[in-house]
Amino acid sequence: MSTDTEGESLARREPDTARPEPERPYGYVVGSAPDGVERELSHDEFDPVGTLTLIFAYFVILVVMWVFMYFVEFLGRGLTVVG
Amino acid sequence: MRLTPAGALVLVAFSVPVAIELRTLFGIFGVALPLASVVVFEAVLLAAIAVAYVASSDSDADAAAKH
Amino acid sequence: MATFVDRYPEEASVVKACLTVAFVSLGIGAFFGLVQALHRTGVVRLFSSVDYYTVLTAHGVLLALVFTIFFLLGLFTWAITRSLERPLPNIRLTWAWVGLAQAGTVATAAAILAGFVPDIGVSADVLFTFYAPMKAHPLFYAGLAMFIVGTWLAGADWFLAYREWRKDNPDERIPLQTFMVLTTMLMWYLATIGVAVEVVVFLLPWSFGIVETVNPLLTRTLFWFFGHPVVYFWLMPAYLMWYTILPKLAGGRLFSDPLARVVFVLFLLLSTPVGIHHQYLDPGIAEGFKFIAMTNTMFLLLPSLLTAFTVVASMEHGARQRGGEGRLRWLGALPWRDPAFTGMALAGLMFAAGGFSGMINAGMNINYLIHNTLWVPGHFHLTVGTAVALTMMAGSYWLVPQLTGRKLYSRPIGLAQVVLWFVGMVFMSNAMHRAGLAGVPRRTAEPQYNSFDFTTTMGSIEELQLQIAVGGTLLFVSVVLFSFNMLASAIEDPVETPVDDRLPAPLSGADGSPRVLDNLRLWTAIAVVLVVLAYTLPLASIVQDAGLFGNVPGVPMLIGNFVESLAGVIA
């Protein structure tokens, strides 16, 4: 009973339901994202510039938080004596 | 790029930590905001997502009408 | 287009048996989590604080050990069978380890839950970190031993399957999923030596009363010898899914097979010689040994950062194939309505956040800020509680239909469930980290004190408590939705194609990569050498200080001796 509640037009759903395979359940089948592929990209055609962007953003957040931690949480407190 | 309902749902989820941490960010710069400010931030973010969603489905409908 | 259950019906039953145990313990464990979140924040106190440690032990053991490891047993059985393309060599051996691990789990769970009924006289309120001086009923340790032996036999079963495959394919590269399973199990064999010695040689005889005393620091150190690599035993199934399933769910292909192999080899090498980083504040272990553990721990960031790159690049490949453009706009082209994809992607996002707090924990000096505070549970609810648990739940939406031949009951409920988990964990974990910085202790039923108030840098303690309670409630609702969806899926009618189970080949395959990556003997040997280097001297010094069984005056109150010998070791 996987009813598609996203209210999409029937035309949009067509690639899912129009497949020739028998007994494919109605609606979106889990794992069927490859059906939405518009173009095949080989290893050499694929340039992961979006990954670079995300990883760089992560790195910047990391550095900023590290510096923040050092000044506020570490230098901002008294000495911790162990032993 | 059309904003799908599922995409909008994920954006709504992502807006929660953003709203919480905006208050922290202000705190770092010495602006102490009350708890209610998180609610306000979240409301603003939700409104922005709603606008983006409606706008993208409108432009999508326009594109469909032209065909 | 037949799916897994049609090709390997026996193996599918094994996987289902494992996942059933995992999901039942997830349900019980999550309930105890809710009870705890409401209790320690003072919102609702349903039970006496005396029982807090029973609840906490049940929560920790059922979720961190039973849920995660039974899911691993099922997933790895599926992965070995699928990637070697053959049934397991001896299904009776397979059912034997399933039965042994299940029996052990029942014994351990019974020992813990009996703590609620004092009349029985059995209790095991020793927490997931079951080292001395806390002592449990022998049933707890015996069940645990059976459970661990069950996992060992499971590994043996998978190695036998690999050996059979090798006979027929002498020159082929090990299939990627099999490679991941085998390296993870080698790491597990090495790591569980610590817990096996701890339980069989020390805790079980002590619990039976055969020996009077044990050396508490020795049992702690043996526990953490196992206690850190066990986190990678939880994480590796999630990594297996991120590397081999998530790219497909995104509509793309794995970016690089050799890079995935490098990551798993690095985890085999570096997971174990780091356990002492849990003991930065233990007296009796010299600073130098702790420094070595910290260095090894920092090296462990490397495979995690490699993973961040490979997995995100594989997702981006899917998005671009689906028509995504731009530096960030491609994110919109990902299949967000697929709960299996969205759950794993959100889990990966939270894992990145968990990386921050993990780096704080790992630093020897910075660790002092947060040691034994609520920060630490905040951290591991991002890692095991989300990166692992959410990936496992999301993966189930794709995996379970292959085992039952029935489609998922409701995709929208699944999507709501994974998003709800994300939001709940944002509230709970964020507040736990902050409360920890304010000094609120972990493992405490009533963290409140007369004439002392915690001061926070931002907001008030009350709002942090509220965030924890709200977050815990949302997480519990999420588990209820997950359980309902799984149960309802079990009674759907079987269909021909319940799920799209094809896994495309990686963009960059194993063929061009160095064959040495597949030399499991070499990597195991190096891993053993690293463990010997990291642990021989600390263990020798601990035994020298207080004896194997701690049979010197003053145990377990040995602080004075420890400080003296600490000075001796340093000098």
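The chains referred to below are lettered A, B, ... by the order of the sequence lines, with proteins before strands, and numbering in each begins at 1.
When each of C/Ala313, C/Pro339, C/Ala340, C/Pro335 is scored by its heavy-atom pairs under 4.5 Å with chain A, the top score falls to C/Ala313.
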Show the atom names and distances, to 0.1 Å, of all donor-acceptor pairs under 3.5 Å that link a side chain in residues 394-404 of chain C to residues at least two apart or in another chain.
residue  : atom : partner  : partner atom : Å
C/Ser396 : OG   : C/Met392 : O            : 2.7
C/Tyr397 : OH   : C/Gln417 : OE1          : 2.6
C/Trp398 : NE1  : C/Asp500 : O            : 2.9
C/Gln402 : OE1  : C/Trp78  : NE1          : 3.2
C/Gln402 : NE2  : C/Trp398 : O            : 3.3
C/Thr404 : OG1  : C/Val400 : O            : 3.2
C/Thr404 : OG1  : C/Arg406 : N            : 3.1
C/Thr404 : OG1  : C/Arg406 : O            : 3.4

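Contact of the A/Pro34 side chain with the C/Lys248 side chain is registered, since non-hydrogen atoms from C-beta on lie closer than 4.5 Å.
Taking non-hydrogen atoms and a 4.5 Å limit, the residue list of residues 352-360 of chain C in contact with chain A, ordered by number, reads C/Ala352, C/Gly355, C/Phe356, C/Met359, C/Ile360.
Scored by the side-chain hydrogen bond (donor to acceptor under 3.5 Å, both in side chains) test, A/Glu38 finds no partners at all (sequence neighbours excluded). Remark: C/Phe484 pairs with C/Tyr409 by the ring-ring contact (aromatic ring centres under 6.0 Å, His included) rule, at least two apart or across chains.
Summarising the geometry, atom OH belonging to A/Tyr28 is positioned 14.0 Å from atom NZ belonging to C/Lys407; distances are rounded to the nearest 0.5 Å. Note that CG of C/Leu507 is 8.5 Å distant from CG of A/Leu41, once rounded to the nearest 0.5 Å. Rounded to the nearest 0.5 angstrom, C/Trp330 CH2 and A/Leu54 CG are separated by 5.0 Å. Within the model, atoms OG of A/Ser32 and CG of C/Asp501 stand 12.0 Å from one another, a figure rounded to the nearest 0.5 Å.
Contact between A/Ala33 and C/Gly251 at its shortest, heavy atoms only, is CB-N, 3.8 Å. Closest approach of C/Glu316 to A/Val49, counting heavy atoms only: OE2-N, 3.5 Å.
Using a 4.5 Å cut-off between heavy atoms, A/Leu62 touches chain C through backbone and side chain atoms alike. For chain A, no part of C/Ala488 is nearby; none of its heavy atoms comes within less than 4.5 Å. Residue C/Ile413: no heavy atom, backbone or side chain, is found under 4.5 Å from chain A. For C/Leu328, the part lying near chain A is the side chain, with the backbone staying farther off; criterion is any non-hydrogen pair under 4.5 Å.
No donor-acceptor pair under 3.5 Å is formed between the side chain of C/Asp338 and the backbone N or O of A/Val30. Proximity of a side-chain donor or acceptor of A/Arg39 to a complementary backbone N or O of C/Arg320 within less than 3.5 Å is detected.
Under the 30°/60° scheme for interplanar angles, the aromatic rings of A/Phe46 and C/Phe255 are found to stand perpendicular.
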| Verdict with reasoning, A/Phe59 to C/Leu305, per side-chain contact (heavy atoms from CB on, under 4.5 Å) | CA-CA 10 Å; A/Phe59 180 72; C/Leu305 293 175; over 6 Å; no
| task | Dump the intermediate steps for side-chain contact (heavy atoms from CB on, under 4.5 Å) on A/Leu52 and C/Phe309, then the final yes or no. | result | CA-CA 8 Å; A/Leu52 179 74; C/Phe309 170 75; over 6 Å; no
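Between C/Arg327 and A/Asp47 there is no salt bridge, since none of the side-chain N atoms of the basic residue sits less than 4.0 Å from a carboxylate O of the acidic one.
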